[in-house]
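Remarks on the structure that follows.
Heavy atoms only: backbone and side chains are in, while hydrogens, waters and symmetry mates are out.
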Amino acid sequence: MTGPLQLVLGTISLVLLVVAAVMAYRAVRAMVRIIRTGQPDDTRTGPVGPRLKTLAVESLGHTRMLKWSAIGVAHWFVFVGFYGLFLTLVEAFGEVFDPAFHLPLIGTWGLWSLFVEVIGTGTVLGILYLIVRRQLDHPRRKGRASRFAGSNEGRGYFVEAVVLVVGLCILGIRAAKVAAGLDDAPSWSHPVSGLLANLLPASPDLVSVIAFVKIVVSLVWVVVVSRLLNMGVAWHRFSAFFNIYFKRESGGGQALGPLQPMTSGGKPIDFEDPDEDATFGRGKIEDFTWKGMLDFSTCTECGRCQSQCPAWNTGKPLSPKMVIMDLRDHLYAKAPYLLGAKTASETAPDYDVLKPSDEQVWTSGYARIEGTNDAQAHRPLVGTLEEGGVIDPDVLWSCTNCGACVEQCPVDIEHVDHIEDMRRYQVLIESSFPSEAGVMLRNLENRGNPWGVQASAREDWIKEMDFEVRQADGPLDAEVEYLFWVGCAGAIDDRAKKVTKAVAELLHTAGVEFAVLGSGETCSGDPARRMGNEFVFQMLAQENVATLDGVFEGRGPGTRKIVTTCPHCFNSLGREYPQVGGDYEVVHHTQLLSQLVEEGRLTPVTPVDRKVTYHDPCFLGRHNKVYTPPREILDSVQGLSTQEMHRCKDRGFCCGAGGARMWMEEKIGKRINVERTEEALGLDPDVISTACPFCITMLSDALTTKKQNGEAAEHVEVLDVSQILLRSMAPAGTPGTEHGAEVGTEADDVAGTGSAATGHTP
């Protein structure tokens, strides 16, 4: 059945195949060479088994995408269609020459035919749904609220059009074959194309024409993406597999929780004796590791990270998506200089070539400099528009380290690690950071706490307790089960001290033997590390490890237990201190209290008639996956009515204090804590509960402002879950347990009669 038409179309197809194959080979080789210019990172290759399992689960199971329900299902069909139906492209090369051609062995097999039918139909319906969603969420309709704001819309349209046309061609070829009587597969295996066949003429030539269209569209796609190495919306189809395999956590977890040590040349930096040529942080694009460059290359521009970012959602210039896009575009524009194909001029050019479009002005300077030129070669990684910076300083310092971007990214990009690495360079090398944060750093260095108070102030709360609180002096006594790490806020901040006293009283009531360090405790170093000052973190961490090792002297694994009320300390002590030789069993107070309630050692008996909504602290929830224990505590209290905010658990919204933002003034856009408090108040609660001293401060401040403006009822309060639990153990009628509009307005509304524990948050 091969005629002149088939010969012409087939010849064109083969020529185009050769061109596309050569271009694809050159593109992949170039991309690999560029990525290999990054610094080494030997932690990404093993163990192989767990990494392969993670790759299979995340890709085939689409576990990250399915968090977006219908979008995830639609994308799964498009994903499976791209790879699973590759053989239909092979078959099309035969069909363009011979309309009756079938794949050897499986071409007429009913199950294969049904698979093609189902996945082909699913691909068409899936891409149509994704096209509709892109238009419904388009920036022209939603502005900044669109997750596609700042994405390359034209490239997205191109990819969507290719998928749609190829999907239709798959069904069209099958329908044309049926219509022409050339399909030998059983009729039950092609129900959709069988129906479509009724609309088509019985023309074998039509089979070849549709097959030709499928080949041309597919290979044009290959040619286009081969010319655009920074077209992440297309290249992620290949690079995502490698990015998932080489992710930070081989067991499948996201790049959350602990920050990684600063490395240079693939080795951790020894801050006591650093190499003279050590690279501190990332000051140039080539300072990133090869995995960082793979991250940049894999971004799909889907905007899930952007849609969840608290900074972006409150009018800040930070979009995690556009940070990665900016770094990616700069990497590939500077690539000829990195590979030695071009040599940069001695001096930087004048950056008056910068001409951001109207749309780009509000997107952190995205695509300020286009193409490859000396301007790209000399650009500072972080700098203002006038300085030609790739990333604006306001973008860098807006990040709260909440981890929402990492949690949502379907291809495991490690946004927070990259932002922190750039901060490290700015702080340690450029000494460039918000001035108010400098006060915090000096206080950490000189006084061991962000507030700069005397160490003796850490013991003030102990004097207010009506039972003896044991203080560690040398190795702990054998009967002491836990060291209670109070933390800077818990010992110094008035609001957080109430939580400290509540937890201490609950532990005492439950018969848990614990001790505190008192004035011997110093900051865990989290604010310094998240600020980017790795040197101060290392100093504080090593000092604390020496103290803790002395306290736990003679104790083996499983007996070096620490409980803390601060999720930031919880994360540092438990997950970052092993990097400096400190291995301890660290639990958050909500975990321990939930266990004590379950064991019957704490029994809530008094109903607390309150409507409560719980706010997930980022460093407890998203970073460490502790979602259940606080809710179990609240569920154990009689009389409580709980209601979740729309943004909760792994989609929880930050309070605005993480990433050392607690000590930086919020000057751009709406305050994050106000946004979160308004969301909570929308449920009309009596109590906004949480489990973090930073969150208590931020939410309380916003609530106080709302009360002053008449936008919140006076009886609404912010309480830690431990404070609510303690109230439920007080005698009936104790202030704080009764109900009514006036509840919570009394200044001396303590948790229990005679208790020195928590009162109302002012």
Going from [atom1] on [X] to [atom2] on [Y], what distance comes out if it is rounded to the nearest 0.5 angstrom?
{"X": "Leu229", "Y": "Met31", "atom1": "CG", "atom2": "CE", "answer": "5.0 Å"}
{"X": "Gln308", "Y": "Cys409", "atom1": "CD", "atom2": "SG", "answer": "12.0 Å"}
{"X": "Asp295", "Y": "His415", "atom1": "CG", "atom2": "NE2", "answer": "8.0 Å"}
{"X": "Ser218", "Y": "Phe82", "atom1": "OG", "atom2": "CZ", "answer": "8.5 Å"}
{"X": "Lys321", "Y": "Ile413", "atom1": "NZ", "atom2": "CD1", "answer": "11.5 Å"}
{"X": "Ile35", "Y": "Met293", "atom1": "CD1", "atom2": "CE", "answer": "8.5 Å"}

**OP:** Apply side-chain hydrogen bond (donor to acceptor under 3.5 Å, both in side chains) to Ser319 and Gln306, showing your working.
**Re:** CA-CA 5 Å; Ser319 159; Gln306 180 175 289; 2.6 Å; yes
Just by distance, do the side chain of [X] and the backbone of [Y] share a donor-acceptor pair under 3.5 Å?
{"X": "Asp41", "Y": "Thr43", "result": "yes"}
{"X": "Trp235", "Y": "Val225", "result": "yes"}
{"X": "Asn313", "Y": "Cys309", "result": "yes"}
{"X": "Arg328", "Y": "Thr298", "result": "no"}
{"X": "Arg174", "Y": "Ser113", "result": "yes"}
{"X": "Glu414", "Y": "Arg248", "result": "yes"}
{"X": "Ser250", "Y": "Gly46", "result": "no"}
{"X": "Arg44", "Y": "Phe246", "result": "yes"}
{"X": "Thr123", "Y": "Phe77", "result": "yes"}
{"X": "Arg622", "Y": "Cys402", "result": "yes"}

Subject >> Residues in salt bridge (charged side-chain N to carboxylate O under 4.0 Å, His left out) contact with Arg133, at least two apart in sequence or another chain >> reply: Asp137
For residues [X] and [Y], determine if any side-chain heavy atom of one lies less than 4.5 Å from a side-chain heavy atom of the other.
{"X": "Val224", "Y": "Arg155", "result": "no"}
{"X": "Glu95", "Y": "Ile210", "result": "no"}
{"X": "Tyr157", "Y": "Arg134", "result": "yes"}
{"X": "Ile285", "Y": "Tyr337", "result": "no"}
{"X": "Asn152", "Y": "Val233", "result": "no"}
{"X": "Ser59", "Y": "Phe79", "result": "yes"}
{"X": "Asn401", "Y": "Cys618", "result": "no"}
{"X": "Cys302", "Y": "His236", "result": "no"}

**OP:** I would like to know whether Tyr245 and Thr54 meet side chain to side chain contact (heavy atoms under 4.5 Å, CB included); could you show each step before the answer?
**Re:** CA-CA 7 Å; Tyr245 179 85; Thr54 297; over 6 Å; no
Any donor-acceptor N or O pair under 3.5 Å, side chains [X], [Y]:
{"X": "Asp205", "Y": "Gln6", "answer": "yes"}
{"X": "Asp417", "Y": "Gln260", "answer": "no"}
{"X": "Glu117", "Y": "Ser193", "answer": "yes"}

Original post:
What ring pair (Phe, Tyr, Trp, His ring centres under 6.0 Å) pairs are there with at least one residue in residues 109-143, not counting sequence neighbours?
Top reply: Trp112-Phe115
**OP:** With sequence neighbours left out, write down each residue that passes ring pair (Phe, Tyr, Trp, His ring centres under 6.0 Å) with Tyr332, or none if nothing qualifies.
**Re:** none
Original post:
In terms of ring plane angle, is the pair Phe238 and Trp221 parallel, tilted or perpendicular, where the classes change at 30° and 60°?
Top reply: tilted
Original post:
Between Phe288 and Phe296, what is the ring plane arrangement, given parallel below 30°, perpendicular above 60°, and tilted in between?
Top reply: perpendicular
**OP:** Would you please indicate yes or no on a ring centroid separation below 6.0 angstrom for Phe619 and His623?
**Re:** yes
**OP:** May I have the step-by-step check of side chain to side chain contact (heavy atoms under 4.5 Å, CB included) for Met65 and Ile71, ending in yes or no?
**Re:** CA-CA 7 Å; Met65 285 295 301; Ile71 292 176; 4.2 Å; yes
Original post:
So which of Val390, Ile391, Leu396 actually passes side-chain contact (heavy atoms from CB on, under 4.5 Å) with Val323?
Top reply: Ile391
Determine the minimum heavy-atom distance between [X] and [Y], stating which atoms define it.
{"X": "Glu153", "Y": "Phe148", "answer": "OE2-CB, 3.1 Å"}
{"X": "Ala24", "Y": "Val222", "answer": "CB-CG1, 3.8 Å"}
{"X": "Arg64", "Y": "Gln254", "answer": "NH2-CG, 3.4 Å"}
{"X": "Leu327", "Y": "Leu381", "answer": "CD2-CD1, 3.7 Å"}
{"X": "Ala240", "Y": "Val411", "answer": "CB-CG1, 3.7 Å"}
{"X": "Ala175", "Y": "Leu200", "answer": "CB-CD1, 3.7 Å"}

Exceeds 12 heavy-atom contacts within 6.0 angstrom, atom [atom1] of [X]:
{"X": "Phe86", "atom1": "CZ", "result": "no"}
{"X": "Arg227", "atom1": "CZ", "result": "no"}
{"X": "Lys625", "atom1": "NZ", "result": "yes"}

Original post:
Which is it for Lys177 and His190 under the side chain to side chain contact (heavy atoms under 4.5 Å, CB included) test, yes or no, and what are the steps along the way?
Top reply: CA-CA 11 Å; Lys177 275 189 168 183; His190 46 69; over 6 Å; no
Subject >> Check against salt bridge (Lys or Arg N to Asp or Glu O under 4.0 Å), Arg676 and Asp616 >> reply: CA-CA 11 Å; Arg676 184 55 163 171; Asp616 285 284; 5.4 Å; no
**OP:** Considering only NZ, NE, NH1 and NH2 on the basic side and carboxylate oxygens on the acidic side, decide whether Lys316 and Glu675 come within less than 4.0 Å.
**Re:** no
**OP:** Evaluate the criterion side chain to side chain contact (heavy atoms under 4.5 Å, CB included) for residue pair Glu679 and His646; output intermediate values, then yes/no.
**Re:** CA-CA 8 Å; Glu679 182 175 2; His646 174 67; 3.8 Å; yes
Original post:
Given the rule in the salt bridge (Lys or Arg N to Asp or Glu O under 4.0 Å) test, do Lys247 and Glu58 qualify, once you have shown the distances and angles that lead to the verdict?
Top reply: CA-CA 12 Å; Lys247 67 191 294 186; Glu58 285 198 23; 2.6 Å; yes
